[in-house]
Amino acid sequence: MKLHEYQSKRIFARYGVPIPEGDVATTPEEARAIAERLGGPVVIKSQVLVGGRGKAGGIKLAKTPDEAERLAAQILSMEIKGLPVRKVLVDRAADIRQEIYLGVVVDRAAARPVMMASSEGGVEIEEVARTNPEAIKKVHVDPFIGLRGYQTRYLAKGIGLDPTFHRQFDRIAHGLYQAFVESDASLAEINPLVVTANEDGSLSLLAVDGKMVLDDNGLFRHPDLAEMRDVDEETPTEREAREAGLSYVQLEGEIGCMVNGAGLAMATMDIIKHFGGEPANFLDIGGGAKAERVATALRLILADPNVKAVLFNIFGGITRCDEVARGILTALEEVKPDVPMVARLVGTNEEEGRRLLEESGYSMITATTLAEAAQKAVEAARNT
Amino acid sequence: MAILVDKNTRLLVQGITGREGEFHSRQMLEYGTQVVAGVTPGKGGQFACDGRVPVFDTVAEAVEATGANTSVIYVPARFAPDAILEAADAGIGLIVCITEGIPVMDMIQVKAYLDQKGARLIGPNCPGLLSPGQAKVGIMPGHIATPGPVGVVSRSGTLTYEVVYALTMRGIGQSTCVGIGGDPIIGTRFVDVLEMFENDPQTEQVVMIGEIGGNDEEIAAKFIAERMTKPVVAFIAGRTAPPGKRMGHAGAIIEGGTGTAAEKIAALEAVGVRVAEHPEQIAELIAEIRS
């Protein structure tokens with residue numbers, strides 16, 4: 001689950017990371033009020049869960065409350081990469097002297113968190129990794145020992161940060177790491193972390209932008225964070241699927257897929273493409289395949305207007321094919337589809353399962369191999 | 001031979017009195033696996049599976065009473081990290097965790113602890129292990145497999161069954177089928193299993209089934225080039241998966257442009273591994289190599 005910039009920064013702030021003064025607005029009037037309260041120039045930042053907000057015109061500097069109101073109105077009416085802007089963050093503008101990057105992710109191969117710093121702040125870390133990998137310094141953190149001072153010094157020195165800031169950098173790095181661990185995050189980053197000039201002329205570090213991604217499996221420990229989920233992170237269908245306990249991802253093709261098992265569901269999408277079709281979705285109905293679950297899944301697939309054919313690919317292991325067939329038939333009683341359906345049931349009790357479908361009176365195309373099923377589904381979608 | 005589990009496996013089931021635990025314990029017994037003990041806290045002294053398996057309150061008691069050397073875990077995600085640690089602490093050398101949904105932060109600690117203890121973990125979020133004709137530990141359907149020369153290692157469940165079934169239908173048996181799991185942090189990775197298959201006299205060819213996310217397949221490709229003499233055939237699921245979306249498995253996600261199927265396929269093909277276009281083709285490729 002992704003968090004917005006303002007949500008991420010507020011979490012970081014709880015762990016002692018300095019963030020700009022600011023607040024969230026949903027209307028231009030609110031943006032104006034915040035700008036008036038802050039006084040001086042402000043930055044109006046769209047809060048959408050995609051990268052590239054700046055390039056898309058979703059981040060603007062406003063010198064006066066009037067300008068803040070006008071720009072907020074403009075940004076709040078935008079769509080960025082298909083996502084409507086519903087909120088803007090109005091932050092006091094920082095006098096930026098230097099930009100760096102600081103982030104924590106899980107290194108899967110090392111099976112532990114890795115903290116990364118880069119002298120190229122404000123650029124996506126993946127981009128830096130491609131173009132200038134030497135600019136990135138990394139330290140792996142032992143889960144029992146935690147982040148240590150020598151490690152943050154290595155990072156600070158490694159990216160050429162002026163020694164005057166090392167102590168503050170150490171505090172920020174520790175705060176970020178704690179926020180990462182205690183929120184069950186899979187990513188926590190400050191990009192950019194800037195050297196800013198304060199009103200009295202002194203210089204200090206400030207987390208101007210922040211981003212967090214949380215591990216969905218850890219959310220049960222954080223009901224407060226779970227409530228932060230943005231409605232636009234998933235399509236209404238994806239949300240309905242999640243609430244029904246189904247794994248569903250909407251795609252743009254014309255062949256709806258219902259499969260048991262995530263790996264097999266991906267392989268089914270791939271083989272549809274291999275034979276010239278496009279999958280409309282990823283859908284794993286999981287083990288057991290109870291009739292009710294199958295019905296919900298079928299409803300979700302058919303709710304997509306692009307779907308011109310449905311492919312059922314079920315490998316019966318512990319799950320019995322005749323049970324799945326009954327599930328499909330019960331689902332069809334409820335959801336009367338008007339597109340062709342191809343069913344491939346293999347494994348335990350496959351003959352019985354196939355017979356049930358063939359004798360049901362629904363026009364169901366059957367297949368024995370996955371390749372055959374995919375070809376028939378592609379063909380059926382073409383003729384619809 | 002075979003790897004990891006065989007006729008000498010003395011299996012302990014953690015969560016044996018739960019619905020999943022009891023169901024699969026019966027399946028494992030039916031397959032001929034020596035299920036010697038079960039553990040459910042608070043139910044010590046009872047018997048599960050029609051009186052065939054004694055239940056203990058703790059893993060330590062179960063190990064002492066029965067000499068269990070392998071454990072399989074069917075407890076819910078919130079309690080699974082504890083169950084894994086308990087097994088390792090009681091001296092179990094091979095722990096198979098079927099449970100899906102364990103937080104990554106927990107697995108980071110569990111993995112670090114297990115490495116210190118020298119215990120091997122398979123999974124979590126995996127279908128387990130099957131050495132056809134010898135032992136079944138987990139949830140793989142036993143009847144689709146048959147003993148033979150092909151080692152199978154996979155991040156997936158049903159996709160593995162699909163491949164195993166296709167091999168069996170062609171008359172090609174398997175030495176051991178290993179489901180390493182679909183989570184980002186897993187106890188045993190492709191390279192670990194590839195090394196075991198390389199050293200296993202029964203195994204002649206290896207099938208490796210990967211998917212999008214992470215770079216374990218790339219690491220495996222390097223290992224295959226440097227250390228393997230036995231032929232490997234691979235399949236990578238998720239060529240059509242969009243970036244940034246989790247495809248069912250917690251670990252199956254293309255992040256920051258890395259972990260794509262294309263990269264993995266390229267890495268494997270670069271070291272001479274044949275990569276199948278679709279799952280059924282794997283059996284064809286193995287048959288070609290064997291003929």
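Note: hydrogens, waters and symmetry copies are ignored here, and every other heavy atom, side chains too, is used. Keep in mind that this is a model prediction, so the values were computed, not measured. Letters A, B, ... mirror the listed sequences (proteins, then strands); counts begin at 1.
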With the threshold set at 4.0 Å, does a side-chain nitrogen-carboxylate oxygen contact exist between B:Glu22 and B:Arg26?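 Answer for the salt bridge query: yes.
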Taking the inter-plane angle between the rings of B:Tyr74 and B:His24 on a 0 to 90° scale, is it parallel (under 30°), tilted (30 to 60°) or perpendicular (over 60°)?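 It falls in the parallel class, under 30°.
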Give the member of [options] that has the highest number of heavy-atom pairs under 4.5 Å with chain B.
{"options": "A:Glu126, A:Lys273, A:Arg108, A:Arg112", "answer": "A:Arg108"}
{"options": "A:Met266, A:Glu124, A:Glu252", "answer": "A:Met266"}
{"options": "A:Glu278, A:Arg221, A:Lys2", "answer": "A:Arg221"}

Within the distance-only criterion (no hydrogens, no angle test), does the side chain of [X] pair as donor or acceptor with the backbone N or O of [Y] below 3.5 angstrom?
{"X": "B:Gln281", "Y": "B:Glu277", "result": "yes"}
{"X": "A:Ser247", "Y": "A:Leu283", "result": "no"}
{"X": "A:Ser183", "Y": "A:Phe180", "result": "no"}
{"X": "B:Thr158", "Y": "A:Phe315", "result": "no"}

Counting only non-hydrogen atoms closer than 4.5 Å, does [X] touch chain A with its backbone (N, CA, C, O), its side chain (CB onward), both, or neither?
{"X": "B:Pro279", "value": "side chain"}
{"X": "B:Phe235", "value": "side chain"}
{"X": "B:Ile236", "value": "backbone"}
{"X": "B:Glu20", "value": "neither"}
{"X": "B:Ala77", "value": "neither"}
{"X": "B:Ser156", "value": "side chain"}
{"X": "B:Ile102", "value": "backbone"}

Of the backbone (N, CA, C, O) and the side chain (C-beta and beyond), which part of [X] lies under 4.5 Å from a heavy atom of chain B, both, or neither?
{"X": "A:Ala185", "result": "backbone"}
{"X": "A:Ala267", "result": "both"}
{"X": "A:Asp184", "result": "both"}
{"X": "A:Tyr248", "result": "neither"}

Only pairs of heavy atoms separated by less than 4.5 Å count here; which of [options] has the most with chain A?
{"options": "B:Gly157, B:Ala237, B:Gly101", "result": "B:Gly101"}
{"options": "B:Lys111, B:Glu280, B:Arg155", "result": "B:Glu280"}
{"options": "B:Gln109, B:Glu211, B:Glu162", "result": "B:Glu162"}

Does A:Arg148 have more than 12 heavy atoms from other residues, nucleotides or ligands lying within 6.0 Å of its CZ?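 For A:Arg148, atom CZ is not crowded (no more than 12 foreign heavy atoms under 6.0 Å).
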Taking atom CD of A:Glu352 as the centre, does the number of heavy atoms from other residues, nucleotides or ligands within less than 6.0 Å exceed 12?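 Buried by this count: over 12 neighbours within 6.0 Å.
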Rounded distance [0.5 Å steps], CG in B:Leu129 versus CE in B:Met140: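 Those atoms lie 6.5 Å apart.
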What residues of residues 368-377 of chain A sit under 4.5 Å from chain B when you count only heavy atoms?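 Residues A:Thr369, A:Leu370, A:Ala371 are the ones that qualify, each having a heavy atom under 4.5 Å from chain B.
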Would you kindly say whether [X] and [Y] are connected by a side-chain donor-acceptor distance under 3.5 Å?
{"X": "B:Gln27", "Y": "B:Thr33", "answer": "no"}
{"X": "B:Asn125", "Y": "B:His249", "answer": "no"}
{"X": "A:Glu120", "Y": "A:Tyr101", "answer": "no"}

